[in-house]
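Shown next, in structure tokens, is the structure this report addresses.
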Amino acid sequence: MPELPEVETTRRGIEPHLVGRTVVALNVHEPRLRWPIPAGLAVELVGQRVERTGRRAKYLLIELTRGTLLWHLGMSGSLRVLPACAPRGAHDHVDLVLDSGFLLRFNDPRRFGSIHYTTGDPHTHPLLGRLAPEPFDREFDADYLWRITRRRRAAIKTLLMNSHLVVGVGNIYANEALFRARVRPQRAARTITRAEARRLVRSIRAVLTVAIRAGGTTLRDYVGADGNPGWFRQRLYVYERDGKSCRRCRTPVRAITQGQRSSYYCPACQR
DNA sequence: ATGGGCACCTGGCTGC
DNA sequence: TGCAGCCAGGTGCCCA
């Protein structure tokens with residue numbers, strides 16, 4: 001999916017169309033997402049006003065009058081704002097219909113996405129409560145990364161993708177951040193030096209920032225709220241570039257498998 | 001506590 | 001052309 005930049009791009013795209021609008025209907029055409037959409041959700045939402053939108057890790061938050069929707073895009077999900085009369089296509093599972101004549105449409109071929117609703121503080125929701133700090137929080141700094149890596153034998157890349165330790169970084173940006181920090185993905189986390197921890201924090205923030213600016217990365221399914229793809233793919237240094245020459249030093253980029261996911265790195269630039 | 005592997009699902013591509 | 005096999009932006013859960 002959608003990693004942090006794609007979710008943030010989606011949030012920024014949909015927000016102006018949602019805030020201040022009232023929910024007229026929730027049309028669920030396929031409730032079988034990663035977790036089934038509760039049967040009574042539509043009744044609960046109708047009549048509520050959208051107060052604001054937010055994001056926690058890769059969860060999109062839509063705050064309503066009496067509760068909050070937590071919307072996860074899974075691997076292949078996307079949200080678009082469309083006129084209420086727009087014809088439905090394949091994998092268009094859910095429409096949140098607004099009083100503006102527009103709707104928020106959820107498309108998700110693989111159905112790994114999910115929608116949750118809570119009337120409590122969303123940040124204490126079971127799925128959000130134990131998440132690590134946001135990469136742009138002050139708390140997430142070189143010292144934090146240094147501390148959490150000390151006793152870890154697992155590969156640094158696996159750790160960067162663990163949402164209880166670092167949030168928002170998926171397979172694309174973990175690979176890209178490691179390249180920028182000149183650290184090999186298979187390095188045991190506990191061997192990361194202070195200097196490397198500092199570079200990793202900077203690289204994570206930098207790659208996420210630039211990706212957001214580019215509207216995210218589109219590999220296959222992802223589109224923003226306006227239906228346009230993200231353009232960061234053209235800026236990738238290593239992801240899905242195995243066999244091609246490193247954009248910094250011309251050495252062929254290498255691919256390995258870690259924890260059933262593909263990793264890519266430059267054997268010359270990364271140590 | 002930590003780490004590793006599986007499951008969920010559809011579609012696109014490769015190679016026989 | 002057909003089809004089996006493999007791969008893909010995630011992550012909760014189960015087991016050792």
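In what follows, chains are A, B, ... by sequence order, proteins preceding strands, each numbered from 1. Predicted model, so just to flag it, every value in this text is computed and none were measured.
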Give a yes or no on this: more than 12 heavy atoms of other residues, nucleotides or ligands lie within 6.0 Å of atom CZ of A:Arg202. no
Minimum-distance nucleotide to A:Met161 side chain [options: C:dA8, C:dG10, B:dG5]: C:dG10
Can you tell me if CZ on A:Arg147 sees more than 12 non-hydrogen neighbours from other groups inside 6.0 Å? yes
A:Arg220 has an atom CZ; how far is it from atom P of C:dG10, in whole Å? 11 Å
Between atom CD in A:Gln258 and atom C1' in B:dG3, what is the gap in whole Å? 13 Å
Would you indicate, yes or no, if B:dA1 has its OP1 or OP2 atom less than 4.0 angstrom from a side-chain nitrogen or oxygen of A:His164? no
Shortest non-hydrogen contact from A:Glu139 toward A:Tyr144: O-CB, 3.4 Å
What is the nucleic acid contact for A:Tyr59, judged by heavy atoms within less than 4.0 Å: base, sugar-phosphate only, or nothing? sugar-phosphate
Calculate the interatomic distance between A:Asn162 atom CG and C:dG10 atom P; express it in whole Å. 13 Å
Between A:His72 and C:dT11, is there a side-chain N or O to OP1/OP2 distance below 4.0 Å? yes
To check you understand the geometry: which heavy-atom pair defines the closest contact between A:Arg235 and A:Arg247, and what is its length? C-NH1, 3.5 Å
Is it true that atom CZ of A:Arg205 has more than 12 heavy atoms of other residues, nucleotides or ligands lying nearer than 6.0 Å? yes
Please determine whether a side-chain nitrogen or oxygen atom of A:Ser262 lies at a distance below 4.0 Å from atom OP1 or OP2 of C:dA8. yes
Just checking A:Gly259: base, sugar-phosphate only, or nothing, at a heavy-atom cut-off of under 4.0 Å? nothing
Distance in angstrom units between A:Trp35 CH2 and B:dC8 C1', rounded: 10 Å
Minimum side-chain heavy-atom gap A:Val94-A:Ile115 below 4.5 Å: yes
Which dot-bracket string fits DNA chain B when only Watson-Crick or G-U wobble pairs with both atom distances under 3.5 Å count, crossing pairs get [ ], and | stands for a partner on a different strand? .|||||||.|||||||
Quick check on B:dA1: is either OP1 or OP2 less than 4.0 Å from any side-chain nitrogen or oxygen of A:Arg152? no
Whole-Å gap separating C1' (C:dA8) and CD (A:Gln260): 14 Å
Lys/Arg-Asp/Glu bridge criterion (N-O < 4.0 Å) met for A:Arg187, A:Glu196: yes
Spacing of A:Arg34 atom CZ relative to B:dC6 atom P, expressed in whole Å: 16 Å
Among C:dG10, B:dT10, B:dG3, which nucleotide sits nearest the side chain of A:His91? B:dT10
Gap in Å between the two P atoms, one belonging to C:dT11 and one to B:dA1, rounded: 22 Å
Work out how far the P atom of B:dC9 is from that of C:dC3, and round it to whole angstrom. 23 Å
Angle class for the A:His72/A:Tyr59 ring planes (parallel below 30°, perpendicular above 60°, tilted otherwise)? perpendicular
Choose from B:dG3, C:dG12, C:dA8 the nucleotide whose nearest atom is closest to any side-chain atom of A:Arg153. B:dG3
Whether A:Tyr173 contacts C:dG10 is assessed here as follows: a side-chain N or O lying under 4.0 Å from the phosphate OP1 or OP2. Is that the case? no
In terms of ring plane angle, is the pair A:Tyr237 and A:Phe179 parallel, tilted or perpendicular, where the classes change at 30° and 60°? parallel
d(CD1, A:Ile148; P, B:dG3) in whole Å: 11 Å
Hey, is CZ on A:Arg130 packed in by over 12 heavy atoms from elsewhere, all under 6.0 Å? no
Which heavy-atom pair separates A:Pro122 from A:Leu70 by the least distance, and what is that distance? CB-CD2, 3.9 Å
Spacing between A:His93 atom NE2 and B:dC8 atom C1', to the nearest angstrom: 13 Å
I want to verify a distance call: between C:dG10, B:dC6, C:dA8, whose nearest atom is closest to the A:Lys58 side chain? C:dG10
List in numerical order all residues of residues 108-127 of chain A for which some heavy atom is under 4.0 Å away from an atom belonging to DNA chain B. A:Pro109, A:Arg110, A:Arg111, A:Phe112
